[in-house]
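Notes for the one structure printed next.
Naming convention: chains lettered A, B, ... in sequence-line order (proteins, then strands); numbering from 1 in each chain. All values derive from a computational prediction rather than experimental measurement. Hydrogens, waters and symmetry mates play no part in the numbers below; they use all other heavy atoms, side chains included.
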There are 2 protein chains.
Amino acid sequence: MYKSPATLSDIARQLNISISTVSRALHDHPAISKNTKTKVIQLAKKLNYQPNMLALNLLNKKTNTIGIIVPEITSYYFSSVIHGIQDLFSNTGYHLIISQSEESFKKEKSILEAMAKIRVDGLLISPTSKTKSSGHFNKLINDGIPIVLFDRDCPGFSADKVLVDDYDGAFQAVEYLIRTGCRRIAHISAPPNLSISMHRLNGYLDALKKHQISMDEKLIFKVSGFTPEHGVKAAKQMLEMAELPDAVFAFNDGIAIGAMYVLKGAGIQIPNQISVVGFDDEPHSSYFIPPLTSVWQPVYDMGLLSARILLSKLTDKSQKESFRDEMLKPELIVRESSKKLL
Amino acid sequence: MYKSPATLSDIARQLNISISTVSRALHDHPAISKNTKTKVIQLAKKLNYQPNMLALNLLNKKTNTIGIIVPEITSYYFSSVIHGIQDLFSNTGYHLIISQSEESFKKEKSILEAMAKIRVDGLLISPTSKTKSSGHFNKLINDGIPIVLFDRDCPGFSADKVLVDDYDGAFQAVEYLIRTGCRRIAHISAPPNLSISMHRLNGYLDALKKHQISMDEKLIFKVSGFTPEHGVKAAKQMLEMAELPDAVFAFNDGIAIGAMYVLKGAGIQIPNQISVVGFDDEPHSSYFIPPLTSVWQPVYDMGLLSARILLSKLTDKSQKESFRDEMLKPELIVRESSKKLL
DNA sequence: CTGTTAGCGCTTTCAA
DNA sequence: TTGAAAGCGCTAACAG
């Protein structure tokens with residue numbers, strides 16, 4: 001059917017020399033006559049010889065493959081991180097295998113097993129919101145497969161980590177709201193088993209505390225996910241309160257957008273009656289009316305840095321045993337959704 | 001440092017039997033005594049034996065790897081297709097390698113070369129907007145690597161294709177606008193070398209023609225990309241026209257959103273003065289005010305179907321030589337951005 | 001029922 | 001400067 005690709009022995013046979021000579025000729029080995037070398041190289045080009053990676057992989061016990069596990073790929077957030085990772089690994093000879101855990105711990109475990117089976121050389125992981133233990137991670141570590149965690153932490157698991165300072169981002173956002181005169185600041189919070197969820201909540205609480213604003217339980221809306229629908233739900237509850245908040249700090253842009261939709265629909269002036277602030281700064285957020293104030297995160301850089309750390313582990317196997325713990329800084333992007341007219 | 005994984009010969013040595021016996025025991029081979037079989041299986045479990053995929057790959061000349069090439073991963077559109085592809089290939093033993101061409105023909109070619117080098121078993125490709133020839137594709141085809149094209153066509157290239165009927169989607173959208181009373185319908189069109197761009201433009205033109213509305217060159221805004229910024233640009237030009245259009249049909253939601261932002265900012269009533277319709281139906285589109293009318297596409301299903309076609313090629317090598325040419329139907333989702341008050 | 005052998009494509013000693 | 005041989009881990013044909 002299809003002619004199978006040329007091998008070293010094909011070249012050797014045609015030239016009546018040994019396989020090892022051919023191999024040497026193709027690798028700039030010093031001990032080889034100029035004559036045979038050129039002959040080999042010519043024929044190799046003619047036959048369109050490509051080294052068989054499968055054979056090399058077996059020989060080197062390396063797959064040149066990096067595994068990536070994210071909760072989902074269809075979000076601006078994770079796809080941007082992946083973009084950063086890809087950019088760093090391009091031209092390194094490594095290729096990337098991407099899987100989605102879909103926030104399922106069971107799925108995370110089975111993906112991890114599959115990755116172990118195909119013997120990836122290293123892993124970049126953002127754990128699910130359900131992940132509490134790290135036994136499944138450690139199993140791979142014990143096999144000598146390095147893991148770098150990004151975005152989401154898994155407390156108790158020692159590894160290289162690249163996280164964003166969510167606490168600081170939330171603190172910045174809420175302190176800014178206070179500075180613009182808000183006092184009854186609501187927070188729409190995501191599931192508490194997610195570390196970043198707690199960090200943002202704590203940033204919110206501490207900013208209030210710093211400015212001596214007493215925390216009001218009723219102003220904290222806990223929702224079970226991160227989509228606009230969840231924001232819708234929270235905002236509807238909000239509308240039933242005796243006294244409305246004067247600002248909403250949402251866990252992320254998706255929630256903020258859903259909330260803003262409901263509030264505007266109810267005739268509430270944004271930002272004059274209620275300021276709205278999101279988190280993640282998704283590209284379309286600035287096209288809402290009013291454009292959404294949000295906490296920007298260095299997502300692409302997070303991918304780049306995680307990848308760089310993993311690559312250095314892979315390249316320099318003798319690396320010191322200590323783990324890197326990087327904390328990237330987010331940045332508040334102020335837009336109209338929070339600029340109250342004074 | 002790390003103990004290397006157990007091999008067949010490890011088991012064989014410890015049990016004082018031959019490697020092939022071990023192999024047979026682990027593969028339910030009929031010719032094997034119950035006794036040795038259980039012994040082998042026990043020890044294998046104890047040693048946590050995992051077949052070495054690298055060796056198997058070399059033996060079978062298969063990598064169990066599928067390559068995916070998309071223009072970008074950070075869009076709802078392509079990440080959803082990928083999601084569909086992943087769901088179909090999960091539990092098939094294949095794993096996926098994803099690369100971005102970033103709309104660069106040169107990059108597409110180099111990715112293709114890399115994919116050939118690592119010997120992927122098959123490829124799923126959505127070509128760049130610059131791709132005009134198919135020589136680089138055919139090179140892989142000649143190596144026996146099947147390719148399935150999705151979303152974007154590459155005219156002149158014979159292969160399995162899974163496309164969406166963009167013409168029909170555009171036609172539906174524009175005919176709907178006409179039915180709601182619009183007569184001066186503008187179109188914001190993407191780069192013409194992109195096949196889907198032309199199909200949507202043609203759908204627009206034919207809908208006008210069918211309803212005897214003469215086409216007005218000035219109402220067709222050609223932009224160089226697909227982001228909200230491009231919509232902003234077009235809308236600003238629009239605002240300088242002597243007579244405004246009464247509707248805008250944008251190439252996609254991104255453009256529509258950018259345009260809507262500018263139009264609303266200029267005090268124009270949407271939909272009463274200008275109806276706005278997008279394409280792709282991104283999840284956040286329904287949270288704009290007014291919520292955006294858009295042409296929904298079966299993106300997830302497109303991924304599923306492309307993957308299914310590729311898988312069947314891979315499984316049944318003796319497949320007939322004919323190519324499948326699937327055309328999925330889009331669907332107009334009507335929301336407030338186009339419901340004029342009569 | 002089990003062992004021996006060859007081979008997938010390549011690199012790398014060791015000899016010549 | 002070149003060749004022969006071993007081995008990476010596994011399967012399968014062929015003998016026993």
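- Applying the side chain to side chain contact (heavy atoms under 4.5 Å, CB included) criterion to A/Ala12, with sequence neighbours excluded, gives A/Ile19, A/Val22.
- Axis deviation across the helix from C/dC1-D/dG16 to C/dA16-D/dT1 amounts to 60°, comparing end segments of five pairs, rounded to 10 degrees.
- The side chain to side chain contact (heavy atoms under 4.5 Å, CB included) test with A/Val40 is passed by exactly one of A/Asn35, A/Ile32, A/Leu15: A/Leu15.
- Taking 4.0 Å as the cutoff to heavy atoms of chain B, we find the contact window on DNA chain D bounded by D/dG9 to D/dA13.
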**Request:** Walk me through it: do A/Ser18 and A/Thr21 pass the test side chain to side chain donor-acceptor pair (under 3.5 Å)?
**Result:** CA-CA 5 Å; A/Ser18 79; A/Thr21 305; 3.0 Å; yes

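- Scored by the salt bridge (charged side-chain N to carboxylate O under 4.0 Å, His left out) test, B/Lys37 finds B/Asp28 as partners (sequence neighbours excluded).
- In this structure, the side chain to side chain contact (heavy atoms under 4.5 Å, CB included) partners of A/Leu163, at least two apart in sequence or on a different chain, are A/Asp153, A/Lys161, A/Met327.
- In this structure, OH on A/Tyr49 lies 6.0 Å from CG on A/Leu26, to the nearest 0.5 angstrom.
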Mind listing the side-chain donor-acceptor pairs of residues 76-89 of chain B below 3.5 Å, one per line with the distance, residues two or more places apart or on another chain?
residue : atom : partner  : partner atom : Å
B/Tyr77 : OH   : B/Asp151 : OD1          : 2.6
B/Tyr77 : OH   : B/Gln297 : OE1          : 2.9
B/Ser79 : OG   : B/Ser75  : O            : 2.6
B/Ser79 : OG   : B/Tyr76  : O            : 3.2
B/Ser80 : OG   : B/Tyr76  : O            : 2.7
B/His83 : NE2  : A/Glu102 : OE2          : 2.9
B/Gln86 : OE1  : A/Gln100 : NE2          : 2.5
B/Gln86 : NE2  : A/Ile98  : O            : 2.7
B/Asp87 : OD2  : B/Tyr300 : OH           : 2.5

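- Scanning residues 26-36 of chain A for heavy-atom distances under 4.0 Å to DNA chain C yields A/His27.
- Counting non-hydrogen atoms of neighbouring residues, nucleotides and ligands closer than 6.0 angstrom, the NZ atom of B/Lys130 exceeds 12 such neighbours.
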Between side-chain atoms of residues 51-62 of chain A and protein atoms elsewhere (two or more places apart, or another chain), which donor-acceptor pairs fall under 3.5 Å?
residue : atom : partner : partner atom : Å
A/Asn52 : OD1  : A/Leu54 : N            : 2.7
A/Asn52 : OD1  : A/Ala55 : N            : 3.3
A/Asn57 : ND2  : A/Met53 : O            : 3.4
A/Asn60 : ND2  : A/Leu56 : O            : 3.1
A/Lys62 : NZ   : A/Asn64 : OD1          : 3.3
A/Lys62 : NZ   : A/Tyr94 : OH           : 3.1

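- Annotation: salt bridge (Lys or Arg N to Asp or Glu O under 4.0 Å) contacts involving residues 69-83 of chain A, sequence neighbours excluded, are absent.
- With sequence neighbours excluded, the residues that form a side chain to side chain contact (heavy atoms under 4.5 Å, CB included) with B/Asp10 are B/Ala6, B/Thr7, B/Arg13.
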**Request:** Starting from the C-alpha separation in whole Å, work towards a yes-or-no answer on side chain to side chain donor-acceptor pair (under 3.5 Å) for B/Ser23 and B/Ser20.
**Result:** CA-CA 5 Å; B/Ser23 171; B/Ser20 33; over 6 Å; no

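- For the segment residues 11-22 of chain A, residues with any heavy atom less than 4.0 angstrom from an atom of DNA chain C are, sorted by number, A/Ile19, A/Ser20.
- Pairing each heavy atom of A/Thr128 with each of A/Ser104, the nearest pair is CG2-O, 3.6 Å.
- In this structure, the side chain of B/Ser101 does not engage the main chain of B/Lys107 through any donor-acceptor pair within 3.5 Å.
- Using a cut-off of 4.0 Å between Lys/Arg side-chain N and Asp/Glu carboxylate O, B/Glu103 and B/Arg152 are scored as salt-bridged.
- Near DNA chain C, meaning a heavy atom under 4.0 Å from it, residues 44-63 of chain B has B/Leu58, B/Leu59, B/Lys61 in order of number.
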